[in-house]
Amino acid sequence: MEIFLPIAGQSIDIFVLLGLGTSVGFVAGMFGVGGGFLMTPLLIFLGISPGVAVASVSTHITASSFSGALSYWRRRAVDLKLSLALLAGGLGGTVSGVWLFTQLRALGQLDLLIGLSYLVMLTAIGTLMLSESLRFMLREWRGTKPMLRRPGAHTWVHGLPLKIRFKNSRIYVSIIPVCAIGYFVGVLGAIMGIGGGFLLVPMLIYFLRVPTTTVIGTSNVLTMATMALAAVTHAATNHLVDGVLALILMAGGVTGAQFGARAAQHMRPERLRFLLGLLVLAVGVRFAFEIFAQPDNPFSVRPLEAGR
Amino acid sequence: MTARRLALIALAVAATMVGPRAGGAVQLVVSPSTSHVMIASNYAGTRVVLFGGVEGVAPFELPKGAPSYDVVVTVTGPSQTLVARRKERVLGVWANVESRTFVDAPSYLAVLANRPLDAIAAPTLRDSLRIGLDNVIAALSAGAGDAVFRAALIGLETAHGAYAEKSDAVVFFAPGLFRADIALPPDALVGTYAIDVKLFSGGVLAAQGGSTVDVRKVGIVQFIVEAASRHALLYGIVVTAMALGMGWLASVVFRRD
């Protein structure tokens, strides 16, 4: 059944969109990421203009991460203090990211730069997660008892001043790396048009040693806040948020996110990290292909948009 | 579009031709099946049928056989500026190296005829009358002078469904009476679509006529478009509130305790 999307200005099968929303929502709920790094490229692939895709996906991520955050909240798996500290850095990062975006656009080649940053981030994070979880599983298979939290293994991060105790996560770290991570994710999120959850979750685990019990709920709260802000900003400045597209994606997304979160509870954390690493790496390889492989047609046509 | 309505329009077109002959010169009468296309939430592209008749010739006096007339219908949608880019391998990656801007290129362009264009008129005549996709685009602006980029633009837009050149889309269903099928794409822009009809006889232009079709958004589609542009901040807040509400609803509905 075709439905006309008023802002995108084209019609699309409603069931394709529902299915897309549900499956991306499932992945999002399972791994505690927004799913923007999957949804935005997929919508562009369906023929929706990049501007509308980025702007509308932000509302979809808001919905699915809020629904995820609420269910983690009920299980007391959210560290609100940590989310707020991350958010403080994140908001500053978003502002700098938008500024950087404008500078890059003035230089031309914005598409290539976005593609390259996707490629670098996704393959780096994907490889890191894959190798870490593989090493973990291999150790377990050999019979040596793996230790998730190594109390003695403090890195330089733990030597920084201004330490704060985050009770729910049972960590005691400096506020500096927390804000820095929030800032970094904010910058990249604004440039790549994504929530940045897939960057945030591994960084919280590896740098701050946030336990897997609270990391996903905490990441969901941060993603929800930044994406809600992004959605309002996109609507107010670019007029590119398609309400109908957003609504359909949301309906599928929140449902999928619930099932995803439930499925994740029955899986071992290292398996989850392995799967997420595989997925992130696959999307990264897809971008590599686009950048390095010879295109079928060297020509492309696009309307001259005010947006990008 | 019911069969009965089609028949009525055909009769109406035929009726206009039962008049006195205008001193041997022929005239063209055309009428689209609708003058307004409404884009509502169920719009997925549509078809407009153009009916036409040759005035000054009593249609049933013409001998049966090969059509003595040729018709070329050119439909031009609202214009927009298009940028065509060419990629090349630079330091291992494929980057855009060259671009041409087509100012005021039609967002929709269909050239419909009853026979292949080169059988209807000579190249020089087609060029001066701007008949055929390539001739229309070439006449646009300085950037359109590059034949390679022009061919790439036409190829991509044709594959996308925005441009079309068809030699079988005009059908003479009786001598002197014809119809043309105009297919509007699902992503048609809002605005006025100009229909230009040229009648050829023996390779020369015999008559021309034209009409327009207005495409506009209606109902909920129009409401959303207006809300998003006029009350942008409020619209953004409403959509975001909707997202939060839906997230909350899902977490309540799927709650398991």
Side-chain angles (χ1 to χ4, degrees), chain A residues 2-4 6-12 47 59-71 74 108-109 111-112 116 224 228 231-237 239-244 246-247 250-251 253-255 257-259 262 290-295 297-304, chain B residues 39-45 80-89 92-96 101 107 149 152-153 155-157 160 186-190 217 220-225 227-229 232-233 235-240 242-257:
Chain A
E2 301 270 312
I3 186 159
F4 188 81
I7 308 289
Q10 64 184 93
S11 63
I12 251 179
T59 64
H60 161 255
I61 300 176
T62 307
S64 60
S65 56
F66 186 51
S67 129
L70 281 177
S71 32
R74 290 207 190 94
Q109 304 290 357
D111 285 355
L112 179 66
L116 276 176
M224 192 253 321
V232 174
T233 317
H234 274 306
T237 55
H239 311 307
L240 287 176
V241 176
D242 194 309
V244 175
L247 195 68
M250 271 179 223
V254 291
T255 320
Q258 291 295 324
F259 287 108
R262 208 164 293 173
E290 201 159 275
I291 291 172
F292 294 113
Q294 180 162 10
N297 187 347
F299 291 94
S300 61
V301 172
R302 223 191 255 180
L304 193 67
Chain B
I39 295 187
S41 55
N42 60 353
Y43 176 82
Q80 60 180 168
T81 298
L82 296 175
V83 184
R85 295 187 174 86
R86 189 172 63 82
K87 280 188 176 146
E88 208 170 82
R89 196 186 280 268
V93 301
W94 287 85
N96 290 322
T101 306
S107 59
F149 272 90
L153 173 82
L156 284 166
E157 292 296 303
H160 181 61
D187 57 352
L189 285 194
V190 180
K217 292 176 175 171
I220 185 79
V221 172
Q222 169 69 3
F223 174 77
I224 293 175
V225 169
S229 56
L233 183 63
Y235 172 82
I237 291 172
V238 168
V239 173
T240 309
M242 205 165 72
L244 293 176
M246 203 170 255
W248 172 79
L249 193 72
S251 77
V252 169
V253 167
F254 292 99
R255 199 171 174 173
R256 280 195 306 173
D257 41 54

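In what follows, chains carry the letters A, B, and so on, assigned in the order in which the sequence lines appear, proteins first and then strands, with residues in each chain numbered from 1.
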Which pair of heavy atoms, one from [X] and one from [Y], lies closest together, and at what distance?
{"X": "B/M242", "Y": "A/G243", "answer": "CE-O, 4.3 Å"}
{"X": "A/A251", "Y": "B/M246", "answer": "N-SD, 3.5 Å"}
{"X": "B/V225", "Y": "A/P6", "answer": "CG2-O, 3.7 Å"}
{"X": "A/V241", "Y": "B/Y235", "answer": "O-OH, 2.7 Å"}

Selection from B/A232, B/G236, B/G245 maximising heavy-atom pairs under 4.5 Å formed with chain A: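 Heavy-atom pair counts peak at B/A232.
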Residue among B/T240, B/V253, B/L189 with most heavy-atom pairs under 4.5 Å to chain A: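 Max contact count across the listed options: B/T240.
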Greatest number of heavy atom pairs closer than 4.5 Å to chain B - which of A/S300, A/A63, A/A236, A/A235: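 Of the candidates given, the most pairs with chain B belong to A/S300.
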Nearest 0.5 Å, what's the [atom1]-[atom2] distance between [X] and [Y]?
{"X": "A/F4", "Y": "B/I224", "atom1": "CZ", "atom2": "CD1", "result": "10.5 Å"}
{"X": "B/F149", "Y": "A/F299", "atom1": "CZ", "atom2": "CZ", "result": "5.0 Å"}
{"X": "B/D187", "Y": "A/I12", "atom1": "CG", "atom2": "CD1", "result": "10.0 Å"}

Please classify the contact of [X] with chain A as side chain, backbone, both or neither, using a heavy-atom distance under 4.5 Å.
{"X": "B/I39", "answer": "side chain"}
{"X": "B/E157", "answer": "side chain"}
{"X": "B/L233", "answer": "both"}
{"X": "B/A40", "answer": "backbone"}

With sequence neighbours excluded, residues passing salt bridge (Lys or Arg N to Asp or Glu O under 4.0 Å) with B/E88: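 For B/E88, the residues satisfying salt bridge (Lys or Arg N to Asp or Glu O under 4.0 Å) (neighbours in sequence not counted) are B/R86.
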B/A250: partners by side-chain contact (heavy atoms from CB on, under 4.5 Å), with sequence neighbours left out: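 In terms of side-chain contact (heavy atoms from CB on, under 4.5 Å), with neighbours along the sequence ignored, B/A250 is linked to A/S67, A/V254, A/Q258, B/F254.
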CZ/A/F292: more than 12 non-hydrogen atoms of other groups inside 6.0 Å: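 Check passes, neighbour count above 12.
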Whether over 12 other heavy atoms sit under 6.0 Å from B/W94 CH2: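 Above 12, so yes.
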Reference residue B/V239; test side-chain contact (heavy atoms from CB on, under 4.5 Å); the match among A/T59, A/D242, A/V232: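 For B/V239, the side-chain contact (heavy atoms from CB on, under 4.5 Å) test succeeds with only one of A/T59, A/D242, A/V232, which is A/T59.
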Portion of A/A293 that has a non-hydrogen atom of chain B nearer than 4.5 angstrom: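 The backbone, not the side chain.
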Toward chain B, the part of A/L247 with a non-hydrogen atom under 4.5 Å: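 It is both, since atoms from each part get that close.
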